[in-house]
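For reference, the structure is listed below as structure tokens.
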Amino acid sequence: MSTRRNLKLGAVLMGVGGPGQHHTWLHPEIPGDASVDIRWYIARAQQAEAAKFDHVFIVDSQFITPDSPNHYLNRLEPLTLLSAIAVQTTNIGLVGTLTTSYNDPFNLARRLASLDVISGGRAGWNVVATGDGGTAGNYGRKEHYDYAARYGRALESVRVVQGLWDSYEDDAFPRDKERGVFFDKTKQHPLNHVGEHFRVVGPLNIQRSPQGQPVIFQAGDSDEGRDLGASVAEAIFTHSATIEQAQAFRKDLRDRAAAKGRDPDHVLIVPGISPIIAETDAAALQIEEERLGGKDFNRALKELGRPFGWHDFSQYDLDAPFPELGDAGDRSFKTQAENIKRLARENNYTLRQVVQHSIDSQRSPFVGSPLTVANAIQEWFEAGAFDGINLTITAPSEFATFTDEVLPILRSRGIARSSYESSTLRGNLGLPVPQNVHAS
């Protein structure tokens, strides 16, 4: 492995708080409208850029219920948001979540390429095959796509988008005023794609950026999701509770990528983490206990329904065995739903115990003093558990504790870099510029 392997750093911006963060919005440093306040996002992105983070990361979904996490209820559309951040930053990458289930490839390609050009080559696309089954009703469908269709569409969509991004060769626009030559027609290429899910003629009406194409991120833990990631992703967003789980996940994805003829070093694993840092380990552990103890059980009960298509668990006796749900979840977050069912079945858990487990599972492996957290990150990184981390950002002062007290330790050990190496996201992530398929 290259001696230049450095820890990649991402910042996940969730405003007033995502799943399980029921009281985040009450923090005095977080505006009540943070999730729709572009000034808040720009300030956090600039804070991350000052710390030389590789990217900011925007999650998204397009279906809500009254019980959705606070941030989900009222938030900005990712590419609109990231375009605003782009003109207020210089080096930091801009990664947005867009679904392949309810977007056409041409629209995806154009919007993402626009962000890439606006930012000078800093765009990234977090590819998702929508899990929230209710989204179908917002797009005129009676029923959500089944798993096979969702992931079939996802793979074909990414391939079409990448083909559209190659519509123009890099020297297609000479813009030579002396000769009066604006455009070289031989450097424009239609796509003429006809596939199982899409028919797209092309070409796309925007040039390539300095990084060639936006970086492909992906999130999905099912077998289908892992195969999609191994096929197209250059960075994979995930979650792991233990170092052993993280090692196994990274090895599996790298092995799958290699089996598909890809260089596994070009598939970065960047899980989400929520460190808790205090002056001492004991103080940090106390903060974690207080936060877990302060979780809203009823909100957690409602949120448990999301993987099952927002199934209403409040109708059941909390102290009875976990209910039999049949195929509930098969058209939503299937893998997550199956894991919950398996957990309840193998441990004979009641519904109350399953909800409590969902709360307790939010414990972070990265809790303690700055030195303890730095040691843990170094251990996971050097053990091959991940290539980078995506920090969930809440209060600015808590983020500053990480950047000002943990990062210097990692930098002194040669794990995290101290300056940007490139003006593009690909350059900073150590990923190659994709060659245009039409280039001679």
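All heavy atoms count here, side chains included; hydrogens, waters and symmetry mates do not.
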Modelled atom types, side-chain donor and acceptor of [X] and [Y], under 3.5 Å:
| X | Y | answer |
| --- | --- | --- |
| D132 | T130 | no |
| R413 | N375 | yes |
| Q336 | D221 | no |
| H144 | Y102 | yes |
| R110 | N107 | no |

Does a sphere of radius 6.0 Å around [atom1] in [X] hold more than 12 heavy atoms from other residues, nucleotides or ligands, not counting ones at 6.0 Å or beyond?
| X | atom1 | value |
| --- | --- | --- |
| Q435 | CD | no |
| R175 | CZ | yes |
| E338 | CD | yes |

Donor-acceptor contact present, side-chain [X] to main-chain [Y], <3.5 Å:
| X | Y | value |
| --- | --- | --- |
| E398 | P275 | no |
| R262 | A230 | yes |
| Q247 | A383 | yes |
| H27 | E29 | yes |
| R153 | A148 | no |
| T135 | G131 | no |
| S167 | P203 | no |

Would you say the rings of [Y] and [X] are close, in the sense that their centroids are separated by under 6.0 Å?
| X | Y | result |
| --- | --- | --- |
| F399 | F53 | yes |
| Y316 | H311 | yes |
| Y145 | Y151 | no |
| F322 | F313 | yes |

What are the two closest heavy atoms between [X] and [Y], and how far apart are they?
| X | Y | answer |
| --- | --- | --- |
| A123 | L425 | O-CD2, 3.7 Å |
| G388 | P271 | O-CD, 3.1 Å |
| D146 | A149 | OD1-N, 2.8 Å |
| P307 | E303 | CD-O, 3.8 Å |
| P78 | T97 | CG-O, 3.6 Å |
| S422 | N91 | O-ND2, 3.4 Å |

> Would you call the rings of F366 and F386 parallel, tilted or perpendicular, where under 30° means parallel and over 60° means perpendicular?
Replying inline: tilted
State, with a plain yes or no, whether a side-chain heavy atom of [X] is found less than 4.5 Å away from one of [Y].
| X | Y | value |
| --- | --- | --- |
| V87 | I118 | yes |
| E288 | S364 | yes |
| S222 | F333 | no |
| D223 | R256 | yes |

> Can you check side-chain contact (heavy atoms from CB on, under 4.5 Å) on R44 and V56, steps first, answer last?
Replying inline: CA-CA 9 Å; R44 300 291 73 72; V56 292; over 6 Å; no
> Between I415 and N6, does a side-chain contact (heavy atoms from CB on, under 4.5 Å) hold up when you go through it step by step?
Replying inline: CA-CA 5 Å; I415 293 167; N6 290 319; over 6 Å; no
Could you grab the distance from atom [atom1] of [X] to atom [atom2] of [Y], nearest 0.5 Å is fine?
| X | Y | atom1 | atom2 | result |
| --- | --- | --- | --- | --- |
| T372 | I276 | OG1 | CD1 | 13.0 Å |
| L431 | Q213 | CG | CD | 12.5 Å |
| L253 | D227 | CG | CG | 9.5 Å |

> Can you name the one residue among L13, V95, L79 that meets side chain to side chain contact (heavy atoms under 4.5 Å, CB included) with I58?
Replying inline: L13
> Which of these passes side chain to side chain contact (heavy atoms under 4.5 Å, CB included) with W40: I38, I42, V36, D37?
Replying inline: D37
> Think R75 forms a cation-pi with Y72, using NZ or CZ under 6.0 Å from the six-ring centre and within 45 degrees of its axis?
Replying inline: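 Positive - R75 is close enough to the ring of Y72 and near enough to its axis.
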>> Would R5 pass as a cation-pi partner of F381, given that its NZ or CZ must be under 6.0 Å from the six-membered ring centre and within 45 degrees of the axis?
In response: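 So R5 does make the cation-pi contact.
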> Taking it one step at a time, do H71 and T24 satisfy side-chain contact (heavy atoms from CB on, under 4.5 Å)?
Replying inline: CA-CA 10 Å; H71 176 64; T24 295; over 6 Å; no
>> Taking salt bridge (Lys or Arg N to Asp or Glu O under 4.0 Å) as the criterion, tell me which of K8, R417, R122 meets it with D54.
In response: R417
>> Set out, in order, the CA-CA distance, both residues' side-chain angles and the distance that settles side-chain contact (heavy atoms from CB on, under 4.5 Å) for R352 and L301, then state yes or no.
In response: CA-CA 8 Å; R352 185 188 303 277; L301 177 65; over 6 Å; no
